[in-house]
Visitor: 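First the structure, then my questions, so here it is.
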Amino acid sequence: MTSTAPDPADTGSPPDAVAAVPRPRVRPGRPARADVVVAAGTVVFLVLLLVPWYRREGFDLGYGHRVEATSANGLDSGLLVTALVLLVLASAWALLPAVADVPTPFPRALVTTGLVALAFLVTVLAWLSSLDLGFSLPGLLAVLTVAAMLAVSLRRLLPQARAWVAAERAQDVT
């Protein structure tokens, strides 16, 4: 005699249900050299923000009043912290293909280049607005670091953008 009722121990799903769940494709691979440069530039930028940009010696005003010595680093500026956040986001996006395969309908380097370009503009703005306090070598090095990162990310973007435009034109023809 056969029973049509489900077995009480049966959960209603086949034992291979866990294996049937689609998982994101993980394609561990080496990131491109330009992506590594963006990540390394972010670390260099952080180090330059930690270095004192300005130091003022203390001096005596007379009659018992004294101005204490002070120093300021790049992390004291909200603009430079914003640039650092943009660069961290750009680095994370650039290194993401080494961890997971995330398809995009546009060139991957477009996001990285856009974030680095915004960080460059913010860094230049912060450095130029701080020139009234005097010249800052760490500030100049920070601007040059982000400029180099922008040049590398633009160099990575151009071939991807050309291939993307060619693929879009090929789709329009068919």
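Position 1 is the first residue of the sequence, and the numbers go up from there. Here the structure is a predicted model, which is why all the values come from computation and not from measurement.
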Visitor: If I compare all heavy atoms of A126 with all of S129, which pair ends up nearest, and what's the gap?
Guide: O-OG, 3.0 Å
Visitor: Following the transitive rule for hydrophobic clusters with a side-chain heavy-atom cut-off under 4.5 Å over Ile, Leu, Val, Met, Phe, Trp and Tyr, establish whether V124 and W53 coincide in one cluster.
Guide: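 Looking at the clustering, W53 is in the same group as V124.
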Visitor: What closest approach, in Å, do T145 and G41 show between heavy atoms, and which atom pair accounts for it?
Guide: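 Closest approach of T145 to G41: CG2-O, 3.7 Å.
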Visitor: If hydrophobic clusters are built from ILVMFWY residues whose side chains come within less than 4.5 Å, do V81 and V44 share one?
Guide: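 In one cluster with V81: V44, yes.
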Visitor: Would L128 end up clustered with F45 when hydrophobic side chains under 4.5 Å apart are linked, directly or stepwise?
Guide: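 They do share one cluster, since a chain of ILVMFWY contacts under 4.5 Å joins L128 to F45.
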Visitor: Is there side-chain contact between L75 and L80, with at least one heavy-atom pair below 4.5 Å?
Guide: no
Visitor: Quick check: is V152 connected to L84 through a chain of hydrophobic side chains (ILVMFWY, heavy atoms under 4.5 Å apart)?
Guide: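 No, separate clusters.
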Visitor: How far apart are the closest heavy atoms of V146 and A119, and which atoms are they?
Guide: CG1-C, 4.0 Å
Visitor: Can you find a heavy atom in the side chain of N73 that is under 4.5 Å from one in the side chain of V51?
Guide: no
Visitor: Show every donor-acceptor pair shorter than 3.5 Å between a side-chain atom in residues 106-118 and any protein atom, with sequence neighbours excluded, or say none if there are none.
Guide:
from, atom 1, to, atom 2, distance (Å)
R108, NH1, V102, O, 3.3
R108, NH2, W93, O, 2.9
T113, OG1, A109, O, 2.8
T113, OG1, S153, O, 3.1

Visitor: Is V37 close to R156 at the side-chain level, that is, under 4.5 Å between some pair of heavy atoms?
Guide: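 Result no, sub-4.5 Å side-chain heavy-atom pair not found.
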Visitor: Step by step, work out the side-chain contact (heavy atoms from CB on, under 4.5 Å) result for L46 and V43.
Guide: CA-CA 5 Å; L46 174 63; V43 173; 5.6 Å; no
Visitor: Which atom names give the shortest non-hydrogen contact between S91 and T42, and what distance separates them?
Guide: OG-OG1, 2.7 Å
Visitor: When rounded to the nearest 0.5 angstrom, what is the spacing between OG1 in T123 and CG in L140?
Guide: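 Between T123 OG1 and L140 CG, I get 12.0 Å after rounding to 0.5 Å.
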Visitor: What's the spacing between L157 CG and W164 CH2 if we round to 0.5 Å?
Guide: 10.0 Å
Visitor: Out of curiosity, Q160 CD to R155 CZ, how far, rounded to the nearest 0.5 Å?
Guide: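 Reported to 0.5 Å precision, the distance equals 13.0 Å.
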Visitor: Verify the cluster assignment for M149 and F120: are they in a single hydrophobic cluster under the rule of side-chain heavy atoms below 4.5 Å apart?
Guide: yes
Visitor: Would a 4.5 Å heavy-atom cut-off, applied to side chains only, mark Y54 and F135 as touching?
Guide: no
